[in-house]
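Below is one structure, written out as structure tokens; comments come after it.
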Amino acid sequence: MSKVLSISGLTKTYRGADIKAVDDVHLEVRPGEIFGFLGPNGAGKTTTIKAVVGLLRPDAGRILVDGVDAWESPLEAKRRIGFVPDTPDLYEKLTGQEYLTFIADVFEVPATERAERARELLEMFALDGAVGDLVQSYSHGMKQKLAVTAALLHRPRLLILDEPMTGLDPRSSHLFKEMMRRHCDEGGSVFFSTHILDVAERLCDRIGIINRGRMIAVGTMDELRRQAASESTLETIFLELTKE
Amino acid sequence: MSRQFWAVLKAMVNSSFGVSVARWRYLRRRERLWEPALVVFGIGTAVAFFGYGIYRLALAITGVGLAVGQPELGLGMAVVISQMLVLLMGFFLVVSAFFFTRDLTALVPLPIRPGTIITAKFVTVLLWQYITVAFVFIPAALAYMAYVPVTLGQVLVAVVVFLLIPVLPLAISAAFALLLMRGLGRRHRDMMFYAGSLIFLGLILASQVFTGGLPSDPADLQRYLEEMISGRLGLVQLMTRRFVPALWATLAVHSFPGWESLRNLSYAIGSAGAAVWALGRMGNRLFYRGLIGSDEAAGQRRQVRRRAWGPQTAVAARALVGAPSTALAALVRREWSLLSRTPVWMLNNVLPGLLMPLFMLLPFVLQNELREMVARLADNPGLHTVAALALAAFLAFVSSVTGIAPTAISREGGRLWISRVIPQTGATQLQAKLVLSIAVVAVTAVPTVIAFAVILRPPLVHLLGGTIIGLVSGFSVMVIGLRTDLSRPMLRWQDPQEPVKRNLNALVPLGTVLAYVALGAASYTGLDRLGAPGLLVYALFTAAGATVATVAYRHLMSRADELFGRLEV
């Protein structure tokens with residue numbers, strides 16, 4: 001089965017830093033799966049995600065998005081990705097509607113499709129009443145929802161979210177989980193990083209754990225338990241694998 | 001002054017002047033050490049270029065003043081002009097510092113009186129104003145010293161006067177900003193910005209009407225001056241009567257030592273101190289009323305609308321994401337929306353380009369004598385080419401002060417991730433930025449070209465020659481500015497003022513235009529000596545400008561994707 005995301009040998013060292021932020025990372029995301037990407041602060045999660053979506057140029061390694069090399073054919077790769085960053089830093093001086101129109105235009109979403117898709121997503125996130133307001137008047141959660149709406153507008157094969165649950169209320173958090181599952185049910189895949197281990201344990205089909213820039217475990221919950229030789233929760237496994 | 005005030009002021013000055021950043025970058029990390037050298041070189045060049053010109057002008061005016069027994073004429077004019085500049089430009093600076101900076105979200109919750117915040121912000125803006133004042137006052141003071149022997153005490157008084165010059169006009173601007181903001185509220189910030197612009201223009205008009213009372217012809221001016229001196233009013237008093245503090249400042253220096261000097265210095269110090277004190281009091285009463293409460297209004301409006309809308313119909317949903325347009329059009333629209341809705345960007349990137357032609361042209365509109373004198377000169381066919389090249393230089397200069405292109409990448413800041421994840425090439429995204437810059441420069445060029453045509457009534461070939469050379473040169477200036485910003489953008493900023501006000505990239509186009517003007521003047525002198533006709537001059541200048549523009553644009557486009565891909569957020 002072809003992989004929606006395939007990362008091999010990804011390495012990145014920031015300018016002026018002595019340590020590699022990510023070091024020879026390998027991982028794959030399969031069609032229709034939710035892949036949770038876990039790790040302590042500064043482990044390399046965001047660096048990996050930024051390299052995948054084209055925000056950071058890796059020093060070495062290869063990233064294939066749906067079979068397309070993300071750094072050789074970046075536009076083709078980007079068309080297949082929907083990305084939501086850890087902080088929803090959107091254009092504050094645009095209205096929600098203007099932002100979505102902009103995204104629909106640059107992703108060349110057909111006229112017939114964009115209205116229906118927008119209606120569906122805005123209703124789902126209860127943003128339909130606020131979409132005419134400037135983004136600067138939105139709460140954190142509303143900005144996060146708008147960012148997800150924009151990311152899903154072009155029906156990407158791969159949805160990438162960096163810490164999507166941070167700062168969300170329980171209802172919004174529930175909505176996000178529902179949205180991720182629905183995206184996979186519709187044939188897409190989700191790759192997201194999180195610190196919330198309960199969510200990862202219940203939601204993810206497979207989980208990868210990164211520590212100090214290196215992948216230390218990848219697999220389903222059962223596979224992780226086998227690797228850790230433990231029958232306990234993801235939290236215990238995570239703490240065991242990442243302990244100093 | 002409370003300890004709180006000094007703490008807030010220190011933080012603001014550190015942030016506004018980039019003291020902490022500079023210390024961290026240049027002293028601790030020892031990075032980009034060429035930047036301070038570039039700043040010194042840039043400022044040095046500007047001081048040498050403009051400062052010397054102002055000094056020569058001040059010498060001439062002081063000479064005229066000395067001839068009629070008033071050597072303080074140049075000094076008085078310098079004080080008036082400085083205070084006018086601070087009054088007019090200061091309004092926008094205080095509005096942006098008081099109401100549009102991001103530090104407000106951190107400052108407002110602190111247990112500090114609003115008057116303390118306002119006063120600290122006022123002092124921070126004031127420190128910037130000394131740069132403007134220095135450009136005008138110091139050359140005039142040097143010119144005064146060239147004619148009149150001065151004592152050390154007089155120099156010290158002049159220093160005090162220099163420090164006092166911007167205080168009162170800036171306090172007036174700040175008070176006006178507080179009152180206006182109180183009336184309009186934060187929700188109407190954009191509207192306030194435009195209202196402020198109109199008032200700003202009104203003040204310029206008023207100042208031009210004031211100076212419009214002076215004859216333009218040098219011979220008439222001499223006679224007029226003599227009449228003034230021998231008449232009821234001294235010339236300095238006439239010049240400064242709209243700004244009495246300017247008279248106090250001038251007489252404090254000129255009458256030193258003596259009772260009159262002390263009296264006028266006391267008035268100047270007293271009025272400045274009273275203004276700052278009053279501003280603090282006003283800040284306590286008005287600042288938060290203009291600032292707070294906007295979000296509540298937004299939330300209320302949103303809830304009302306949600307109830308009114310109900311579930312979206314298919315028709316309404318279609319309107320939600322608009323009709324499709326090309327990616328380039330969408331990118332241009334985004335650029336314009338963000339620029340036009342961020343007042344500090346409009347103020348720094350668009351307003352100078354719009355105001356500069358108006359500022360230059362108003363004297364011609366308001367002063368019949370000046371207009372007629374220029375028209376007489378324009379009848380001389382030998383000056384048509386010079387005038388057309390001056391038009392070209394002016395258009396290119398306006399392009400350089402319109403800082404849209406050289407700050408285009410920097411302005412994206414933390415939002416650059418959006419540009420990086422959308423499936424559009426770097427070349428397309430840069431084209432969109434250039435299109436907006438060209439559009440704004442084209443708009444600012446229209447009044448200049450029309451006024452040039454109306455005042456000088458040049459033959460069409462000269463009008464077209466100057467316009468084409470100016471626009472072509474302006475285009476290359478924009479491309480060079482954008483290329484610079486692409487190489488080293490200032491992406492890490494919290495306050496939207498930073499990428500436009502503290503961005504060295506914005507100086508590159510100005511330096512480029514100065515080089516163009518120097519090269520153009522030398523080339524024209526050579527061509528004129530060879531007896532080259534105007535048409536040939538235009539053809540050669542256009543060809544040279546088009547070559548530079550084409551090479552610059554092709555270079556930018558050829559490296560666009562690579563350089564855009566290197567930008568890391």
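The structure presented is a predicted model; accordingly, all values stated were derived computationally and were not measured. Each chain gets a letter, A, B and so on, in the order the sequences are listed, and its residues count up from 1. Hydrogens, waters and symmetry mates are skipped; everything else that's a heavy atom, side chains included, is used.
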Worked check of side chain to side chain contact (heavy atoms under 4.5 Å, CB included) between A:Tyr91 and B:Glu412: CA-CA 9 Å; A:Tyr91 299 125; B:Glu412 294 216 26; 4.1 Å; yes

Evaluation steps, side chain to side chain contact (heavy atoms under 4.5 Å, CB included), between B:Thr326 and A:Glu108: CA-CA 8 Å; B:Thr326 64; A:Glu108 294 163 2; over 6 Å; no

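Annotation for A:Leu94 and B:Arg341: closest pair CA-NH1, 3.6 Å, computed over non-hydrogen atoms. Pairing each heavy atom of B:Ile418 with each of A:Leu90, the nearest pair is CD1-CA, 4.2 Å. Heavy-atom minimum distance, A:Asp105 versus B:Arg333: OD2-NH2, 3.1 Å. Considering all non-hydrogen atoms of both residues, A:Phe107 and B:Val421 come closest at CZ-O, 4.0 Å. B:Ile422 and A:Phe102 make their closest contact through CD1-CZ, 4.1 Å (heavy atoms, listed as atom of the first residue, atom of the second, distance).
Atom NE2 of A:His140 is surrounded by more than 12 heavy atoms from other residues, nucleotides or ligands within 6.0 Å. Few gaps surround CZ on B:Arg488; more than 12 heavy atoms of other groups in view lie less than 6.0 Å from it.
For a residue to count as touching a neighbouring chain, one of its non-hydrogen atoms must lie under 4.5 Å from one of that chain's; by this rule B:Thr428 does not touch chain A. Only the backbone of B:Leu567 comes within less than 4.5 Å of a heavy atom of chain A; no side-chain atom from C-beta onward does.
In terms of non-hydrogen atom pairs under 4.5 Å with chain A, the most contact-rich of B:Ala330, B:Gly413, B:Ser337, B:Gly565 is B:Ala330.
Taking NZ from A:Lys93 and CG from B:Leu338, the interatomic distance works out to 9.5 Å, rounded to the nearest 0.5 Å. Expressed to the nearest 0.5 Å, how far CG of A:Asp89 lies from CZ of B:Arg415 amounts to 4.5 Å.
Using non-hydrogen atoms only and a strict 4.5 Å limit, the part of residues 64-79 of chain A facing chain B consists of A:Trp71, A:Leu75, A:Lys78, A:Arg79. Below 4.5 Å, heavy atoms of chain B meet no heavy atom from residues 182-195 of chain A.
Looking at A:Arg57, its side chain never comes within 3.5 Å of a backbone N or O of B:Arg566 through a donor-acceptor pair.
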